[in-house]
Undergrad: 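My structure is below; once you've seen it, I'll send some questions.
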Amino acid sequence: MSDHIDFYFDIISPYAYIAYKKILKINNVDFKLKPILLGGLHNLAGITAPAFNKYKMRNMQNDCELVAKKNNISFKWNSKFPINSLSIMRGYLCVKDDKKEEYLNSFFEAYWKEDIDLSNEENIKIIIKKLKIDENDFFNSIGNQDIKDKLKELTEEAFQKEVFGAPTFIVNNKIFWGQDRLEYALDEVKNI
């Protein structure tokens, strides 16, 4: 029996941002954050992302705005969606544990609240400077083979567990996909 919830996420997912904002308000449950590369996961699963279907994309944008408003979450669709989130997701693995929450919140908000183009390395540098993360250490670390391998391993782990999108929550080997399934994952962990 699991006493925690695994939370698979990628900064590129607007629904992961919404889910993360909900998680920050929950104090009595342990969440294990599992960064993945959503594009890599989609490739493994043979999935075409909604971002590449104009009908799904339009619906997703409208849906995210409705859900964010309903949950009192500041949200603005990013004008540069989608981007390659590889550096940011590797960066999450590099930063010290005591910086991880601030790092993730800063990048999520930059992308999904402030409409910042995170495909521009200069914008990443501005954020890590605000976080008091050494720029040279950061960029050297995200190029480190161990960090590259770790993100690949986490993405492969997600695929092996039949995760196909973000956000996904797993409790007791049960998959709860989507920000709107967080409540079901919470029910599952509380029934232990």
Side-chain angles (χ1 to χ4, degrees), residues 1-51 53 56 59-75 82 85 88-93 95-109 111-113 149-192:
M1 291 300 225
S2 179
D3 62 350
H4 67 275
I5 297 175
D6 288 335
F7 171 53
Y8 290 88
F9 69 94
D10 186 331
I11 199 88
I12 194 67
S13 167
Y15 292 111
Y17 165 71
I18 292 168
Y20 183 69
K21 287 301 191 177
K22 289 179 175 182
I23 287 169
L24 290 177
K25 298 175 185 175
I26 300 168
N27 298 317
N28 59 345
V29 175
D30 182 23
F31 286 89
K32 305 282 187 208
L33 275 61
K34 304 275 193 167
I36 59 171
L37 187 65
L38 190 54
L41 181 65
H42 285 164
N43 286 341
L44 289 169
I47 294 171
T48 301
N53 178 303
K56 287 182 180 180
N59 182 70
M60 184 169 61
Q61 183 174 352
N62 292 336
D63 189 55
C64 287
E65 290 167 358
L66 285 171
V67 172
K69 184 176 181 180
K70 178 81 170 170
N71 288 279
N72 291 323
I73 297 169
S74 294
F75 179 86
S85 60
I88 298 163
M89 298 312 294
R90 285 181 184 167
Y92 178 80
L93 294 171
V95 298
K96 294 179 182 171
D97 287 346
D98 64 344
K99 285 275 190 192
K100 285 192 183 303
E101 184 176 317
E102 188 180 13
Y103 176 93
L104 188 55
N105 201 49
S106 294
F107 276 94
F108 263 140
E109 287 195 354
Y111 198 67
W112 292 115
K113 180 179 172 185
D149 291 344
K150 181 67 176 169
L151 186 58
K152 284 180 187 174
E153 288 167 17
L154 286 163
T155 303
E156 178 67 31
E157 169 193 301
F159 176 68
Q160 292 303 321
K161 291 182 177 185
E162 299 184 0
V163 172
F164 56 88
T168 295
F169 309 96
I170 297 182
V171 185
N172 298 327
N173 296 317
K174 293 181 183 175
I175 294 174
F176 301 90
W177 174 62
Q179 63 78 29
D180 57 338
R181 294 300 185 259
L182 173 57
E183 289 76 16
Y184 296 92
L186 289 168
D187 288 346
E188 179 68 25
V189 81
K190 289 176 184 174
N191 286 331
I192 297 171

Undergrad: Is the backbone of Ile11 close enough, under 3.5 Å, to the side chain of Trp112 for a donor and an acceptor to pair up by distance?
TA: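 Yes: the side chain of Trp112 pairs with the backbone of Ile11.
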Undergrad: Should the heavy atoms of other residues, nucleotides or ligands under 6.0 Å from CD of Glu156 be counted, would the total exceed 12?
TA: yes
Undergrad: With the side chain counted from C-beta on, respond yes when Glu109 and Tyr17 share a heavy-atom pair under 4.5 Å apart, and no when they do not.
TA: yes
Undergrad: Are Lys22 and Ile18 packed together at the side-chain level, in the sense that at least one heavy-atom pair is separated by less than 4.5 angstrom?
TA: yes
Undergrad: How long is the gap from CG on Leu182 to CD1 on Ile26, to the nearest 0.5 Å?
TA: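 Atom-to-atom, Leu182:CG and Ile26:CD1 are 4.5 Å apart.
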Undergrad: Below 4.5 Å, heavy atoms only, C-beta onward: do Tyr184 and Phe169 meet side chain to side chain?
TA: no
Undergrad: Report the residue from Val171, Asp30, Asp3, Asn28 that forms a side chain to side chain contact (heavy atoms under 4.5 Å, CB included) with Val189.
TA: Val171
Undergrad: With rounding to the nearest 0.5 Å, note down the distance linking OH in Tyr15 to CH2 in Trp177.
TA: 8.5 Å
Undergrad: Is there a donor-acceptor pair closer than 3.5 Å between any side-chain N or O of Asn105 and the backbone N or O of Glu101?
TA: no
Undergrad: Taking all atoms of both residues into account, what is the closest heavy-atom pair of Phe108 and Ser13, and its distance?
TA: CE2-O, 4.1 Å
Undergrad: Please report the interatomic distance OG1(Thr168) to CZ(Phe176), rounded to the nearest 0.5 Å.
TA: 11.0 Å
Undergrad: Does Lys190 come within less than 4.0 Å of Glu183, counting only side-chain N to carboxylate O?
TA: no
Undergrad: State the NZ-CD1 distance between Lys21 and Ile23, to the nearest 0.5 angstrom.
TA: 11.5 Å
Undergrad: Are Phe107 and Tyr103 close enough, and set up right, to give a ring-ring contact (aromatic ring centres under 6.0 Å, His included), and what steps lead you there?
TA: CA-CA 6 Å; Phe107 276 94; Tyr103 176 93; 4.5 Å; yes
Undergrad: At their closest point, which heavy atom of Ile5 faces which heavy atom of Leu186, and how far apart are they?
TA: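 So the two residues come closest at CD1-CD2, 3.8 Å.
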Undergrad: Identify the heavy atoms of Cys64 and Phe75 that sit nearest to each other, and give their distance.
TA: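 Reported closest heavy-atom pair: CB-CZ, 3.5 Å.
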Undergrad: Tell me which pairs pass salt bridge (Lys or Arg N to Asp or Glu O under 4.0 Å) where either residue lies in residues 36-51, with sequence neighbours left out.
TA: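 Pairs touching residues 36-51 that pass the test: none.
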Undergrad: Rounded at 0.5 Å granularity, tell me how far CD1 in Ile73 sits from CD in Glu65.
TA: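 Ile73 atom CD1 to Glu65 atom CD measures 13.5 Å (nearest 0.5 Å).
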Undergrad: Where do Val67 and Gln179 land on the side-chain contact (heavy atoms from CB on, under 4.5 Å) test, with the steps shown first?
TA: CA-CA 9 Å; Val67 172; Gln179 63 78 29; 3.4 Å; yes
Undergrad: Looking only at heavy atoms, what is the nearest atom pair of Pro35 and Leu93, with distance?
TA: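 That would be CG-CD2, 3.5 Å.
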Undergrad: Is the Tyr92-Phe9 ring centre distance short of 6.0 angstrom?
TA: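 Aromatic pair counts; centres sit under 6.0 Å.
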Undergrad: Salt bridge (Lys or Arg N to Asp or Glu O under 4.0 Å): which pairs involve residues 163-181, sequence neighbours left out?
TA: Lys174-Glu188
Undergrad: Specify the closest pair of heavy atoms between Lys34 and Leu154, including all atoms of both residues, with the distance to one decimal.
TA: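 For Lys34 versus Leu154, the nearest heavy atoms are CD-CD2, 4.2 Å.
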Undergrad: Can Glu162 and Ile175 be said to form a side-chain contact (heavy atoms from CB on, under 4.5 Å), step by step?
TA: CA-CA 8 Å; Glu162 299 184 0; Ile175 294 174; 4.0 Å; yes
Undergrad: Do other residues, nucleotides or ligands put more than 12 heavy atoms under 6.0 Å from Lys99 NZ?
TA: yes
Undergrad: Considering all heavy atoms of both residues, which atom of His42 and which atom of Gly165 are nearest to each other, and what is their separation?
TA: NE2-CA, 4.5 Å
Undergrad: To the nearest 0.5 angstrom, please state how far the CG atom of Leu37 sits from the CD1 atom of Ile12.
TA: 9.5 Å
Undergrad: So, the side chain of Lys161 versus the backbone of Asn173: is there a donor-acceptor pair under 3.5 Å, distance only?
TA: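 No; zero donor-acceptor contacts below 3.5 Å.
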Undergrad: When you compare the side chain of Asn53 with that of Thr48, does any pair of heavy atoms fall below 4.5 Å?
TA: no
Undergrad: Above 12 or not: heavy atoms from other molecules or residues under 6.0 Å from NZ of Lys25?
TA: yes
